[in-house]
Amino acid sequence: MTVQRISTEAAGPRPPGAPRPAAKAVDFKAALVSATRARVAPPPAPPPAPPPVQLVALGRGAMPPPGQAFRDRIAQAERSAEHPGGGYTQRNASSGALGRYQIIPAALQDIGWHDAGGGWTARAAAQGVQSEADFLANPAAQEAAMGDYLRRTGAQLAAHGAQASAGRSVTGSDGQPVPITEAGLLAAAHRRGAGAVARWLAHRDSGPDAPVPPAQRAAFASIEARLRGFADLPAPGARPVTLASAPRPPAS
């Protein structure tokens with residue numbers, strides 16, 4: 001809306017007979033908007049949006065498996081951890097033991113990864129393994145096989161009554177105390193088998209001074225070394241399964 005307004009800015013009174021000054025047009029709407037803008041500060045700019053959160057999906061086997069400290073020490077005891085890449089590609093030419101944990105073919109058959117003829121089974125194929133080369137190139141599959149092995153070994157130790165000895169300390173064949181723990185039993189069985197561990201326990205329970213048969217000296221010394229070497233570790237968290245549900249080797 002525009003109206004006519006008389007300017008009052010002339011200096012002094014208007015002389016007689018002088019023409020009336022021209023009216024000055026004023027746009028009150030524009031003036032009102034201008035005055036409002038001058039009084040009201042513009043709102044602050046919003047803060048920049050934070051960058052989107054990057055969600056990283058861990059691939060198969062990327063998460064540390066249960067009992068990682070135990071597994072690492074097994075790899076150290078087997079000397080595979082000394083090799084590049086953690087020893088996953090290692091193969092023992094004399095025993096056929098494979099990978100970081102040096103799992104022998106008989107153990108792979110025992111956990112259902114090998115069939116009676118030494119071929120790889122559907123259980124192994126489910127982990128992406130259909131050949132020895134596949135197994136050596138697949139750390140995640142080796143961790144899965146180690147988990148199966150620990151569960152199977154725990155079941156075997158339980159069946160032999162060896163797990164009930166955890167928490168005890170016995171006199172070793174060298175006359176020194178040997179602490180018995182779940183981790184130590186599993187580690188000893190990994191090296192010599194659950195049956196050998198049970199035989200060692202039975203021999204030690206027969207008396208601290210019982211002579212060690214020559215044929216058993218190396219095995220007993222190895223078992224005692226594993227029991228002592230793993231006594232400070234917690235059990236690797238592999239819950240034993242019942243022997244009825246665990247894969248069994250064929251009858252010889």
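Here the structure is a predicted model, which means the values were calculated and not measured.
- Partners of Ser169 by side-chain contact (heavy atoms from CB on, under 4.5 Å), not counting sequence neighbours, listed by chain and number: Pro177.
- Screening residues 132-156 for ring pair (Phe, Tyr, Trp, His ring centres under 6.0 Å), with sequence neighbours left out, gives Trp120-Phe135, Tyr149-His190.
- When every heavy atom of Ala188 is checked against every heavy atom of Leu227, the shortest pair comes out as CB-CG, 4.4 Å.
- Residues in residues 90-106 take part in these salt bridge (charged side-chain N to carboxylate O under 4.0 Å, His left out) pairs, two or more places apart or across chains: Asp72-Arg100, Arg91-Glu132.
- Qualifying side-chain hydrogen bond (donor to acceptor under 3.5 Å, both in side chains) partners for Gln216, counting only residues two or more places apart in sequence or in other chains: none.
- The shortest distance between side-chain heavy atoms of Asn92 and Leu98 does not fall below 4.5 Å.
- For residues 78-100, no pair satisfies ring pair (Phe, Tyr, Trp, His ring centres under 6.0 Å), with sequence neighbours left out.
- Here the closest non-hydrogen pair linking Ala69 and Leu233 is O-CD1, 4.0 Å.
- With no hydrogens or angles considered, no side-chain donor-acceptor pair links Gln127 and Asp134 at under 3.5 Å.
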Could you pull out all donor-acceptor pairs under 3.5 Å where a side-chain atom in residues 111-119 meets a protein atom, sequence neighbours excluded?
unit_1 : atom_1 : unit_2 : atom_2 : d
Trp113 : NE1    : Asp148 : OD2    : 2.9
Asp115 : OD1    : Gly117 : N      : 3.0
Asp115 : OD1    : Gly118 : N      : 3.0
Asp115 : OD1    : Gly119 : N      : 2.7

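- With Ser80 contributing its side chain and Ala75 its backbone, the two residues share a donor-acceptor pair below 3.5 Å.
- Atom CD1 of Ile104 and atom CD of Gln109 lie 10.5 Å apart (nearest 0.5 Å).
- Annotation: salt bridge (charged side-chain N to carboxylate O under 4.0 Å, His left out) contacts involving residues 213-235, sequence neighbours excluded, comprise Arg73-Asp232, Glu78-Arg226, Asp174-Arg228.
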Mind listing the side-chain donor-acceptor pairs of residues 204-212 below 3.5 Å, one per line with the distance, residues two or more places apart or on another chain?
unit_1 : atom_1 : unit_2 : atom_2 : d
Arg204 : NH1    : Thr171 : O      : 3.0
Arg204 : NH1    : Gly172 : O      : 3.2
Arg204 : NH1    : Pro208 : O      : 3.3
Arg204 : NH2    : Ala210 : O      : 3.3
Asp205 : OD1    : Arg168 : NH2    : 2.8
Ser206 : OG     : His203 : O      : 2.4

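- A distance of 7.0 Å separates CD in Gln163 from CG in Leu185, rounded to the nearest 0.5 Å.
- Among residues two or more places apart in sequence or in another chain, the side-chain contact (heavy atoms from CB on, under 4.5 Å) test is passed with Ala218 by Arg192.
- Between Phe230 and Gly184, the shortest heavy-atom distance links the atoms CB-CA, 3.9 Å.
- For Glu82, the side-chain contact (heavy atoms from CB on, under 4.5 Å) criterion is met by Arg79, not counting sequence neighbours.
- When the options Gln90, Arg71, Glu143 are evaluated for a side-chain hydrogen bond (donor to acceptor under 3.5 Å, both in side chains) with Tyr101, the one that passes is Glu143.
- For the pair Val170 and Ile180, the minimum side-chain heavy-atom distance is below 4.5 Å.
- Closest of all the heavy-atom pairs between Leu186 and Gly154 is CD2-N, 3.8 Å.
- Closest of all the heavy-atom pairs between Gly128 and Asn138 is O-ND2, 4.2 Å.
- Among pairs with a residue in residues 193-203, none fulfils salt bridge (charged side-chain N to carboxylate O under 4.0 Å, His left out), at least two apart in sequence or across chains.
- The minimum heavy-atom distance linking Ala162 with Leu201 is given by the pair CB-CD1, 3.6 Å.
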